[in-house]
Amino acid sequence: MSGNAHHSTPGETHAPAGNALECRLRKRLGTFDLDIALTVPASGVTALFGESGSGKTSLLRLIAGLDRPAGGYVRLGERTLSDTQQKIHVPIHRRQLGIVFQEARLFPHYRVRGNLTYGMSRSGRARFDDLVALLGIGHLLERLPGTLSGGEARRVAIGRALLTQPRLLLLDEPLTGLDGERKRELLHYLVRLTREIDLPVLYVSHDTAEIATIADHLALIEQGRLAAHGQLDELMMRLDLTERLGGFDAATRLNARVVDHDQAYSLTRVVLDDDQTLRIPALDQPPGTPIRLRVGVRDVALALAMPGDTSYRNGLMAVIDAIEPSTHEPSANEVRLIVGRQRLRARLTRQACDEMQLVIGKPVVALIRSVAFGSRF
Amino acid sequence: MLFEAIALSDAEWQAITLSLKIAGSAVGWILVPGVAVAWLLARHDFRGKSLLDGLLHLPLVLPPVVVGYLLLLSLGRHGWLGQWLYQGFGLSLPFTWQGAAIAGGVMAFPLLVRAVRLSLEAVDPKLEAAAGTLGANRWRVLFTITLPLAIPGLLTGTVLAFARALSEFGATITFASNIPGETRTLPLALYTLIQTPGKEAAAARLCVLSIVIAMFSLMASEWLARRARQRLQERDR
């Protein structure tokens with residue numbers, strides 16, 4: 001329903017460490033060389049992010065074993081999947097990877113059920129009903145793929161990949177080509193799914209809003225190289241990456257917890273880790289649910305004191321952490337704030353910064369419109 | 001009276017059943033190698049691919065008598081292969097219906113391979129790759145994805161090959177001769193009647209029979225292929 005918030009990642013230490021992916025891969029790609037060393041943590045969603053043609057899909061294909069690298073290795077946990085020096089290249093059908101391609105690639109001559117069970121492992125059988133329910137494809141089981149909508153077909157493809165009990169799930173731009181509503185719906189399923197399943201996910205995308213919704217880690221790829229790599233929350237805080245991570249729509253994320261709902265106004269109150277509260281458009285999660293809020297840098301205004309008569313529903317006590325001229329907009333500064341133990345970004349005109357005499361360490365009030373939370377996701 | 005006039009004579013029946021048996025066997029023995037070669041050509045690149053492709057098409061362009069003669073040279077009792085077959089297994093192919101089936105099969109082989117190859121090439125390799133990611137090895141991919149999706153072409157190829165074997169004349173008469181009840185198929189029986197004065201009416205009957213059988217097999221193949229296509233693209237009720 002409301003796509004602007006979702007469950008936050010549970011602690012990242014619970015998952016078996018055995019499924020971390022480690023690779024170093026080289027391959028010639030048209031006009032440039034792909035040369036990337038990457039580690040994908042054993043849990044959570046890692047986004048492979050970059051422009052079209054940056055090499056992210058090629059990297060995914062090399063990891064999957066669909067293409068052979070010119071040099072390098074791929075290790076999943078203890079297992080070596082590729083190693084050009086040791087001349088190891090595990091064939092794709094023995095890699096135990098779940099791969100969902102841009103097109104769903106469902107088998108046209110099998111019904112949905114047949115597609116789902118095609119590669120199903122014995123332990124996958126026990127999860128069949130749960131997974132079908134989780135993906136909302138129970139009513140499609142006896143249909144043929146030709147009759148499915150784009151979003152339905154991709155949900156089936158995701159279920160089909162997961163039922164093989166893979167050790168790593170690779171998603172190659174799974175939302176490409178879907179219209180706005182279908183995209184939102186599938187993203188909603190994906191977010192739910194990635195919180196439920198206990199395996200690492202590698203998610204290829206070039207959409208920052210999509211990534212801000214689903215990813216925990218990010219690998220930024222440019223011209224076949226790894227430009228930045230780490231926790232997405234950290235990278236979103238880096239003012240120097242503004243241009244790459246969203247530009248005009250750059251955003252940050254706040255972790256919060258649902259407190260209560262105001263039925264009359266359709267608002268939900270959430271609390272941050274320092275007990276400050278926010279009002280956001282109503283969510284259907286019960287009190288206590290951890291959620292992740294995406295806050296656009298343009299949706300945050302600053303005041304030196306809490307204003308009296310204002311339509312802003314949210315005022316967070318904050319301290320200025322950094323101010324830098326925006327690389328995106330010559331009239332603006334990118335400002336980083338500390339809110340409790342979290343950080344938040346705002347984009348203000350340089351004029352406002354000068355007139356308010358904003359400097360690092362100055363306490364301010366970060367004003368956020370409630371309706372801004374519903375703007376995109 | 002009318003029924004008797006239409007009813008088939010023993011000789012005619014013999015020619016028909018023999019033709020069907022020989023053409024059926026011909027298709028039977030080339031089916032697996034034909035599909036295998038088609039798959040090789042459709043899905044693999046290797047040295048000598050164009051040479052193999054050319055060799056395969058030879059029976060289409062060579063005079064059938066030449067093919068029959070080459071068969072006689074290789075599979076005849078003194079041929080390099082025939083000698084081995086005869087001494088090792090007591091098998092002698094020339095002048096037998098099995099020999100006729102081999103001649104028909106050789107002539108039909110390129111047609112089968114062409115049709116199957118085209119339909120295999122039309123199967124999206126991305127689906128095969130997807131099956132691989134689901135843990136299917138090459139054989140499982142072949143039998144669960146590639147071949148089922150190529151069924152329309154497989155049917156067309158089979159019927160084409162069957163029709164070609166049914167109408168085989170030159171290679172058959174050269175390699176297997178024209179023995180009543182053994183190798184005298186419809187075309188050979190027709191040829192014999194034409195050579196015999198006063199048998200024009202009988203020849204005409206065989207001529208009509210040939211047309212009927214050919215039409216029937218064409219319609220059957222069309223129907224089967226359409227059904228297969230429908231199954232592949234079936235819309236839910």
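Every value quoted in this text rests on a predicted model; they were computed, and no experiment measured them. Letters A, B, ... mirror the listed sequences (proteins, then strands); counts begin at 1.
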Side chains of B:Leu127 and A:Pro108, heavy atoms from C-beta outward: is any pair under 4.5 Å? yes
Measuring heavy-atom distances to chain B, does A:Tyr118 have an atom under 4.5 Å in its side chain, in its backbone, in both, or in neither? both
For the CZ atom on A:Arg167, are there more than 12 heavy atoms of other groups (residues, nucleotides or ligands in this structure) within a distance under 6.0 Å? yes
Working to the nearest 0.5 Å, report the span between CG of B:Asn137 and CD1 of A:Ile92. 13.0 Å
Among residues 37-65 of chain B, which residues come closer than 4.5 Å to chain A, judged by heavy atom distances? none
Please flag which part of A:Arg105 lies under 4.5 Å from any non-hydrogen atom of chain B: side chain, backbone, both or neither. both
Which bit of A:Gln96 is near chain B, if near means a heavy-atom gap under 4.5 Å: side chain, backbone, both or neither? neither
Among residues two or more places apart or on two chains, list those pairs meeting salt bridge (Lys or Arg N to Asp or Glu O under 4.0 Å) that have a residue in residues 63-85 of chain A. A:Arg61-A:Asp67
Contacting region of A:Leu170 [heavy-atom separation from chain B under 4.5 Å]: neither
So for atom NE2, which belongs to A:His93, do other residues, nucleotides or ligands contribute more than 12 heavy atoms lying within a distance under 6.0 Å? yes
With a 3.5 Å distance limit and no angle check, can you tell me whether A:His109 reaches the backbone of B:Thr144 through a side-chain donor-acceptor pair? yes
Under 6.0 Å from the CD atom of A:Glu51, do we count more than 12 heavy atoms belonging to anything else shown? no
